[in-house]
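So the structure is just underneath, and the comments pick up after that.
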Amino acid sequence: MTKTPEDAEARRAVAPVICYPNDTLPAPDLALYAQARQGARRIGETLVPPRDARCFEVPAGHFFRITSVEGPQVGDLNLWNASELSECFYSGKTRALHGTHLTTGERMWSSFPYLRPMATIVSDTLGWYGIDSFGGSVHDVIGTRCDPYTGNLLAGTRYHHCCHSNLTRALADHLGVSPEKAEPYVHDVLNVFMCTGFTRDTGQYFMKASPVRPGDYLEFFAEFDLLGGLSACPGGDCSSEHSSDVAACHPLLVEVYAPAEGVLEAWSPPESNGYDRSHGWGQGS
Ligand SMILES: [Zn+2]
């Protein structure tokens with residue numbers, strides 16, 4: 001039992017401060033990206049089957065678009081540096097920098113020690129959604145990915161088509177390695193099209209039916225050579241349950257576009273983070 005202090009209300013009334021004011025974040029040149037997108041050429045597509053995942057490559061300076069086709073469907077996105085898989089998307093730090101949900105102009109940041117933009121959102125047809133009265137919004141970086149371990153923990157289930165497993169199989173296929181070798185590279189995702197938040201009363205992670213409809217898309221600019229993995233979540237639109245074959249599921253389309261000729265001549269991929277990695281070693285404490 002905790003004892004409520006007399007000044008409890010005063011303590012609760014202290015105003016919050018933003019942990020990481022992001023006005024000093026290097027801003028993307030969205031006007032340049034828009035110019036590069038005008039007259040861009042579609043150079044490839046990957047159809048991700050329902051309850052499965054596929055990998056795709058996106059060269060630096062190219063665009064990739066994830067589109068809902070056939071019916072409402074949520075996608076779990078992983079990104080890696082195409083030539084160094086240990087550099088991958090860092091969902092937690094992206095959340096700390098941009099907030100719980102991403103939209104146009106915001107970026108997917110990479111893991112330590114790199115901590116640089118991997119991909120910048122240039123177009124979001126669900127940008128109109130905002131934050132609903134439940135505190136829900138779309139494209140979150142708060143969920144992890146559905147996985148068989150949590151299902152086993154909570155319900156003793158053995159389901160093989162969770163996003164974690166789908167991404168593991170897709171990466172294993174792409175690299176030509178075993179699932180055991182690929183699995184450690186699978187990481188917390190960007191939940192594309194998923195509508196989520198935290199309940200006000202218990203602070204629990206919630207989901208609700210995604211507002212996505214066929215034709216809606218989220219489009220990114222690749223800041224360096226990327227390998228992507230996208231799973232069409234077994235939760236479908238995530239209106240009821242995931243980690244099972246119950247929900248209606250649909251494919252997702254990934255398309256890659258080459259930028260307009262010449263526009264990006266003066267552009268170059270962002271440098272890795274400038275911190276020297278000495279961590280104060282040898283300086284005493
Ligand atoms: Zn999932």
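In listed order, ligands and their atoms are each counted from 1. Starting from 1, each residue takes its place in the sequence as its number.
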Test log, rule side chain to side chain contact (heavy atoms under 4.5 Å, CB included), inputs Asp225 and Ser83: CA-CA 8 Å; Asp225 289 350; Ser83 52; 5.8 Å; no
Thr196 side chain to His101 side chain, donor-acceptor N/O pair below 3.5 angstrom: yes
Measure from the Zn ion (ligand 1) to each N, O or S atom of [X] and report whether any distance is below 2.8 Å.
| X | answer |
| --- | --- |
| His164 | no |
| Cys146 | yes |
| Cys163 | yes |

Within 45° cone of Phe221 ring axis and under 6.0 Å: Arg37 NZ or CZ: no
Interatomic distance, Arg51 atom CZ to Cys163 atom SG [nearest 0.5 angstrom]: 11.0 Å
